[in-house]
Amino acid sequence: MSSGVVSGGGGTTSIVWFRRDLRIEDNPALAAGVRAGTVVPLFIWAPEEEGHYYPGRVSRWWLKQSLAHLDSSLKSLGTSLITKRSTDSVSSLIDVVKSTGATHLFFNHLYDPLSLVRDRRAKEILTDQGIIVRSFNADLLYEPWDVNDDHGHPFTTFTEFWNKCLNMPYDPAAPTLPPKRIISGDVSQCSSDKLIFENETEKGSNALLARAWSPGWSNADKALTAFISGPLIEYSVNHRKADSATTSFLSPHLHFGEVSVRKVFHLLRIKQILWANEGNTTGEESVNLFLKSIGLREYSRYISFNYPYTHEKPLLGHLKFFPWVVDENYFKAWRLGRTGYPLVDAGMRELWATGWLHDRIRVVVSSFFVKVLQLPWRWGMKYFWDTLLDADLESDALGWQYISGTLPDARALDRIDNPQFEGYRFDPDGEYVRRWLPELARLPTEWVHHPWNAPEPVLQAAGVELGMNYPLPIVEIDSAKDRLQQSVAEMWQLEAASRAAIENGTEEGLGDSSDSAPIAFPQDIMDVDHEPARNDTTSIPRRHQDQMVPSMTSSFLKVSDESSSEHRESAENSRQEVPQEPLRETLNQGSPHAFRQNNSPPQFNINMGLHNFEDVAESSSISRSSKDGGVVPIWCPSSSSSSEQFVVEENDTESSSSYLQRHPQSNELIDWRRLSQARTKKLGDRAS
DNA sequence: GCGGCATTAAT
DNA sequence: TTAATGCCG
């Protein structure tokens, strides 16, 4: 083992607390533990801490495999993973500290709201007990607090943020190699709990997953290499097709930290320089495009850190006044893939059956959800959370907020994308629809994305009976447009009224807290009986509040019980209708050409011209001195949800200014509110 | 070379 | 819808 940089090895035992950094390679917390002496690698399974965001079935399956993989790697290096079942991570940490005699705790940063709170607590409490706690950046190219505009404020649009990232004065830290050997700490007094990640029924449902996916850090590394040396070069050309085979397969790996994003970045850059030199513009474009999807992942963490309520509240406050349609039948039809819009339905069936969805299709189905059905976006987000293999709170929150028009740079709120046209754009030959909607399989391409227009003889010949074996559109696009216009107008009126009320001092705080009564979360919807969705839109109950999940920090509800049982049942239903996952058969591991399915990197990545950065090569030699090891991103929720304190603790001598001092208004709604008002004016002008 | 028209894609 | 790009006369 290496000589102990921190304290001379030998006597020092460190706990390395693994969370979503399930890799050996380029893992700063692990490296710190190895440097310090003997190591106790630890994983704590405390899903109840996640509240509503108890991981979904397929996500838990992945986690299980990934941990097994990690454990076997650790064993080959000389130690093994201690696992604890817990409802309180911090007490479990204390237990492990006591039973192992550890003096150090190392972990890598997470940026979701819950982890920010929990990690702060962990750090405080363990530090109080005399433990040396250090934490590191293993998840991002740059820490959120390092990327600011000229005034030192956080960016509020992606493009600005990403341009800044690409033009930082120092490179992301270079990835490091795995340790050669790990000396195990004394765990004779510290037993592992057996962790249960799936029940028997779920096991059955998960059985096929292993044929398509190989969780675990070294498999992630293989997937990365395979992608970069294969489909990457054509990524810009192919990434748009719903059925294309050229996405990276990396997003679940990235979610669990099986692969280092900094390694991805560095490998991409090598290709970029190579292709730039060769004058391969397609390749260059592809790298930029793919890098951008990495950037969106970064941005999701950045946003979550700076505005740690993004998973439950719209960033632009006016969306609170949007009159969401609370209709359980709509929601159900969407989940079942029975909306009558083939591209949407195909996507939802695929999600159901596989836990996977091409990011283009994610945009299609979520946009349909929000704009056509006008269902509360957080229901959709929650469903994604429950069903996606790569469910990721930060990325999904960003994606849904983008779709819902609640970001300053989101697409226009009142714009509806027509699934029919999107169908011909993303699935021009109808292959995707035919694969997932066997009832439409015999329909000619001409009609496959709008069967409701097809002549009766064509339908008959294809065996399609609209309203019987395939539904008519649940909502007409034209009426959806009308309804959306009305809703948006209503939203602005309410927002203006609220603002006036605040200015008059007649009402307070209507603006930004969770004052509005919540639209209950799906659990009261998930188990509704199987009623066909109605086409009539006149009697839909509406509520004038943003939907609101009970605070994550206060709730130990296991929503996923209902949702997963419903999901299972539905999946079973659908298996009769859906062809038996042809993709699994074709997904031979290791063969890039077998990648039938689109594993896009983090969700919602979309093409965008980035700056070429030829200067990247020169700047690559600059490395930055890490301020890791002391900084913990921290969020303290207060009783009022609108006034979260947001403090970064800095043990580091390098900087004495807290995050709050540097960004005094970063955690208030001020910025967004201002943006919201600017937008009010703009949209108001346009409307009049 | 330039204006007009079509195409594309948007975080 | 709009802005940017590309093609063609």
Side-chain angles (χ1 to χ4, degrees), chain A residues 144 147 154-166 235-242 244 251 281-282 284-286 288-307 310-311 314-316 319 343 358-367 370-371 377 380-381 384 392-419 421-428 477-478 480-481 484-485 488 600-612 671-672 675 679 682-688:
Chain A
V147 184
F155 292 103
T156 53
T157 56
F158 171 70
T159 308
E160 287 179 306
F161 163 81
W162 189 229
N163 283 335
K164 176 72 178 193
C165 288
L166 294 176
Y235 183 73
S236 65
V237 188
N238 291 331
H239 80 115
R240 239 165 279 124
K241 296 286 177 285
S244 82
S251 62
T281 48
T282 306
E284 261 192 291
E285 222 176 284
S286 292
N288 287 337
L289 189 61
F290 187 73
L291 262 177
K292 202 193 74 176
S293 69
I294 297 293
L296 284 163
R297 178 181 177 282
E298 296 271 309
Y299 190 55
S300 73
R301 270 79 179 144
Y302 184 80
I303 289 288
S304 177
F305 174 79
N306 284 310
Y307 310 95
T310 32
H311 60 295
L315 285 167
L316 292 176
L319 255 289
L343 186 65
H358 188 284
D359 65 75
R360 293 282 88 213
I361 305 303
R362 294 182 197 206
V363 172
V364 169
V365 300
S366 56
S367 159
V370 170
K371 301 295 180 69
W377 60 270
M381 193 185 102
F384 270 25
D392 182 286
L393 199 56
E394 296 95 310
S395 286
D396 289 340
L398 180 66
W400 281 90
Q401 293 235 15
Y402 164 66
I403 293 298
S404 308
T406 66
L407 297 165
D409 48 359
R411 70 169 49 183
L413 180 58
D414 53 355
R415 167 177 173 173
I416 287 187
D417 291 307
N418 190 321
F421 302 142
E422 289 181 311
Y424 287 107
R425 186 130 70 103
F426 301 132
D427 181 32
I477 292 297
D478 284 342
K481 279 181 183 163
L484 186 59
Q485 299 293 346
V488 168
S600 51
Q603 298 75 43
F604 301 108
N605 55 325
I606 283 169
N607 188 1
M608 184 185 80
L610 287 178
H611 289 191
N612 293 331
D671 284 341
W672 299 102
L675 284 157
R679 188 164 259 239
K682 215 167 44 182
L683 288 185
D685 291 345
R686 203 181 299 160
S688 62

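A, B, ... follow the sequence lines: proteins, then strands. Residue 1 opens every chain.
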In whole Å, I'd like the distance from the [atom1] atom of [X] to the [atom2] atom of [N].
| X | N | atom1 | atom2 | value |
| --- | --- | --- | --- | --- |
| A:R425 | B:dT8 | CZ | P | 9 Å |
| A:L289 | B:dT8 | CG | P | 16 Å |
| A:E422 | B:dA9 | CD | C1' | 12 Å |
| A:D409 | B:dA9 | CG | P | 19 Å |
| A:N288 | B:dA9 | CG | P | 16 Å |
| A:Y424 | B:dT7 | OH | P | 18 Å |
| A:R360 | B:dT8 | CZ | P | 14 Å |
| A:D414 | C:dT1 | CG | C1' | 9 Å |

If the condition is side chain to side chain donor-acceptor pair (under 3.5 Å), which residues does A:D417 pass it with, not counting sequence neighbours?
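Listed in chain order: A:R411, A:R415.
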
With sequence neighbours excluded, residues passing side chain to side chain donor-acceptor pair (under 3.5 Å) with A:Q485
none

Should the pair A:F161 and A:F158 be assigned to parallel (<30°), tilted (30 to 60°) or perpendicular (>60°) ring geometry?
tilted

Should the ring pair A:Y235 and A:F290 be called parallel, tilted or perpendicular, given that the plane angle runs from 0 to 90° and is split at 30 and 60?
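Answer is perpendicular, since the angle exceeds 60°.
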
